[in-house]
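Labels below follow one simple rule: chain letters A, B, ... track the order of the sequence lines, proteins then strands, and each chain is numbered from 1.
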Amino acid sequence: MDMTELILTEKHSVAADFAKALGVKTKKDGFFEGENYVITWAVGHLVELYAPDDYDPGLKKWRMETLPLIPDTFKYKPMGKTLKQFKTIKNLVKQSRFSRIIIATDAGREGEVIARTILLQSGVVDKERMVRFWTSQALVPKVVRATMEQLQPLTHYDRLWRAGYYRQVADWLVGMNLTRALTVRLGDLFSVGRVQTAVLALLAQRKQERETFVPELFWLIKIRFKSDKGEWTGHWFKNKQTRITQKETARTLHQHLKQETDPGTVLSLTKEKKKEPPPLLFSLTDLQQEANARMGFPAKKTLAVAQSLYQDKKCLSYPRTDSRVLGTTSLNLVRDILAKCQTAYPDIFAGVDPQQVALSNKRVFNDARLTDHHALIPFKPIPAGATPDEKKIFDLVCRRFAAAFHPHCHFENTHLITEFGKETFQTRGKVILEPGWRRVYHIKSRNKDEAEPIPPLCKGDTGTPEKILCEEKKTTPPPDYSDALLLKDMTNPGRYVAEENIKKLYRGEIGIGTQSTRAQIIETLIRRNYIERTGKRLVATDKGIYLIEQLKKCATSSVLTSPEETARWEMKLNAIALGEAPDGQFLKEIKTFVTQAVGELQTKVFDIKKFSQALSRANAKEVGKCPACGNSVRELPKLYACDGTGCDFVIWKRMAGKQISPKMASNLLKFRKSGPFKGFISKKKKRFSAGLVINKVDGKWKVNFDFNTSKAPDTCPPESPLHVAMDMGIMDMNETPFKTPPALSHEPSSSGTPDKKGCCPMCKGKIIEGKTAFGCSNWRPEHGNCRFVIWKEILGKRLTEKNIETLLQGKKTRAYVFKPLKGEKFKAALKMVATHGNAFAIQILPADIKNNTLHTQIPCLR
DNA sequence: GCAAGGTC
C-alpha cells in the first residue's frame, strides 16, 4: 500500500520549509515530491466568494431595487490570478494514492478558511483522510518534524472555520450592499466596509478636531539658578500644575519674583534609580511605525521592502506577523542567527553572547503570546546587492533583535525642588547610568529638559536667579495622522472606545483590520479619494468627511463609523470559534443589519449641496503642491486652485489666450518655472512666447510671465517641460558621465565665465547625457534642482558630443548650416555665454551679417 | 464600479 502523504501549506516558503525538514528534494511544477511526501502550497486565498453578478448577470448594474443582496447560499470560485496553482492542488487532493492529506496552512482563522475553501472548491469531502498540522513556532526542521507527530483531527478546527466563514460573509454583505446603496443614492463611488469605514472615521474625527481646535494661551515661569556647583532651570509649579491660565496672574507672579532679593533654596532633591527592559521584537505594524517615524516610509513601502527581504534575499523572517515574541523551540535558531550576525555586524551584536541566551527570557520566548507567526527577526546577514531601503529596514530589524538580548537600560531620575520667593520650582533630570540595549537601539528622548544634567546639589544649597522668564505658550491640537500614528490606532483603538469590556478586547490582540491588510486599507482610502497623503501626513478629504458625517446621522449605518462595532463583531466571531455562541445567530444579525441599513440609505435625505461641493473638490485631480501653503493644487473647471483653507493661490487655465494644460501647471508647480511656451497672445493681438514663473510679489504667490528665458520667439526647445523632466529622469537612471573631469574646486563661476573643463557652469555638477539633452546631474530637487541643460538639437541641428564639450569650455563651435522649421536656412556658429544671474545661454552667431535678425540665444535652462 | 482577507 502506498503510504505517501500530501501536505498543503498556505504559501510557497512554508512548503519549502517542509521540504527541507522532510528531506524532499524534487521540485515539480507547483509542488515538491519525495518518497513519502508530496508538498504543495496555496498562494493565500485561492478561492473567493462570488461577486454579485456571478449569481445573476443582471446584478452587474447597480440598482436600488436589487438591494439588499442576500444570497441563500454563498458560493465560491477560484481566483483568476492563481487559477493554475488551484488546479494543481485540486488535481493532487483528488488522487487516492495519498493515505493522508495534511492541512498545514497558517495556524489561525484565515489559514483555516484558505484550506477549507480550497478543499470545498476541489470537491473533496471525505474528511477521514485529513489531519491538521498546527503550530505557530518558527518552522525549523525540528519543529516541523515534532509537529508532524502531533497532527490533529481536522474536525477540531471546524468551529474556527465557521468563524472565518462568517467573517467573510459578513464583510461581503456589508460591503456589497452598503457600497451599492450609497453609490446609487449619491451618484459617485462611495465604498463602505467594516474596516475602511472605521479607519476613515478616525481620520475624519482627527481632521475635525484640528479644524475646530481653539488654541488657548497659558504661561510658564522659568528661573535659571546659578550656584558654585553649577546651573539649573527651575519650572514653577503649584499643586502639580505648571501652567498658569490667566495672563494677569502670571504677570503679577513674574513681577513679584523679579523683586525677590533672597536666593533660591534647594528644598529637596530626590534620586530614583530605574531600569527599562528592551523593547519587544517587531511585529509588522511595529516595524511599519518605526520605519515611518524614522525614515518616513509609508506602511505599504515598508511591507514591500520587508517582503523582498523575506522572499528574495531570504534574510528576514515572514513579515506579515502580529506577534512580538518567538516560540520556545526557536532557542537554537536564535543562537545560530546571533552567531552569524555577530561576525557580520560586530558593532550591533558585540554585546550579545549567543550561549547566554536562555528560554528564561520571557520577553522573547513566550509560547502563550504566539499568534499565526512569530515576530519579525533577521535570519542571516543581508546579501550583497540589497537596495539602500532594504538595508535601512534590515538594520532596524537587526537592532531590535540585538536589543532584545541586551541587558536592561539603567538610568537615574532626579527631581529637584527649589524654593524661591515663597514659590516652588521643579527640575527633572534623567541620566543614563548603563545604556544596556539602548547602546544598539537608539530611541529619542521625548523630554528635552531631561537631557541637561543637574549639578550635584544638596538640600539647603542656594542659587541666585540669573534669569526669570515668563513664557507665553499655546495649547496645540492633536497631530495629523501619519502612517505610524494611524497604524498605532488601528492596532490599538482602545482609547476611542468607551465601553470597558471592548476596551479590554482592543488592548489584547484585536484591532481594526489585520496585520496583512492594514497598509492596503490606507492605500484603499487614498484611492477612493477619502484621504490624502502629503509627505508624512494622512488627512481626510472633504469627501471622506462628508461620508462619515452622513453615516453618523444614520440610526443603523452609523455603527460602521465606530470602532466599537468592529470589536463587537470580533467578539462574536471569537465566541463562535470557541463554541460559546449558537451557530447561525451572528449571520442572522448581520443580515438584519444590512437589510435595515439599506432601507435607511434608500430613504435618507442626504445633504446634497454639501455633497456636491465636497465631491467636486475630492474628485478634482491634484496637479501639484501649493507654493504658498503646501496643500494640494487641483484642477477645477476654470482654474487650478489650492484647496488649503484660507489660501487663495490659483493658476488660471487660460493665460493671454493660451490654454495652460495640467502638465504645464504640474511642472510649473514642481519647478517654479517652466517653458518657454509659444502661442500667447498679447492685448495688442501680438503673438509672443514666454516662460512662466511662480514668484512672490508683494507677499503674494503668483504666476507671472518670464521673458528672460525667451528672447527668441521661434527658438524655444521643442520639448514640453514634462518631457524634459522625464528625460532628466532617464538621465539619472542610466547616469553616463560625459567625458569631463569631476567638479573642480575653484569658486563658482557666477562671474560669468563658463567652466573651462566642461562640468556644469552653474553648480559644478557632472554633465550627464539624456535622451534629448545634456544636463546637470544635480537636477533633482534634493540635489539642488540645478536646471542647466544644453539641448541636443538646436534649430534643427543635432549637436555632437564634441560640440557640447566645446560649448562647455566656453569656446565657439565652427559654423554650421541651420534649417529652422520656419524661415530660411542660415549658417551660424554656437557659443555658450553667461546671461543674467548665474544663467547661461547658447548664442547663435550667424556667419552672414545679413542674417543679423537671427542673432539670438537659447537659454540653457530646463 | 463594490468588502476584507490572504500572498505576491
### Message
Do A:Lys11 and A:Tyr318 form a cation-pi contact, if we require the NZ or CZ to be under 6.0 Å from the six-membered ring centre and within 45 degrees of the ring's axis?
### Response
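Yes, a cation-pi geometry holds between A:Lys11 and A:Tyr318.
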#### Entry: A:Lys543 NZ/CZ over A:Phe190 ring centroid, <6.0 Å and within 45° of normal
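Yes.
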### Donor-acceptor pair, side chain of A:Gln85 and main chain of A:Trp41, under 3.5 angstrom
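Looks like yes, one N/O pair under 3.5 Å.
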### Query
Counting N and O atoms only, with roles assigned by atom type, does the side chain of A:Thr117 sit under 3.5 Å from a partner on the main chain of A:Ile114, one being a donor and the other an acceptor?
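The answer is yes, because a donor-acceptor pair under 3.5 Å joins these two groups.
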### Query
When we call it a touch if two heavy atoms are under 4.0 Å apart, what does A:Thr183 touch: a base, just sugar-phosphate, or nothing?
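A:Thr183: base contact, heavy atoms under 4.0 Å.
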### Query
If the sugar-phosphate is the primed atoms plus P, OP1 and OP2 and the base is the rest, what is the B/S/- string for nucleotides 2-7 of chain B, using protein heavy atoms under 4.0 Å?
BBBBBB
### Taking every non-hydrogen atom, the tightest pair across A:Val174 and A:Ile590
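Where A:Val174 meets A:Ile590 most closely, the heavy atoms are CG2-CG2, 4.5 Å.
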### Message
Let me spell it out: for each of A:Tyr310 and A:Lys61, pick the nucleotide of DNA chain B with the closest heavy atom. Which residue's pick is nearer the 5' end?
### Response
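The residue closer to the strand's 5' end, by nearest nucleotide, is A:Lys61.
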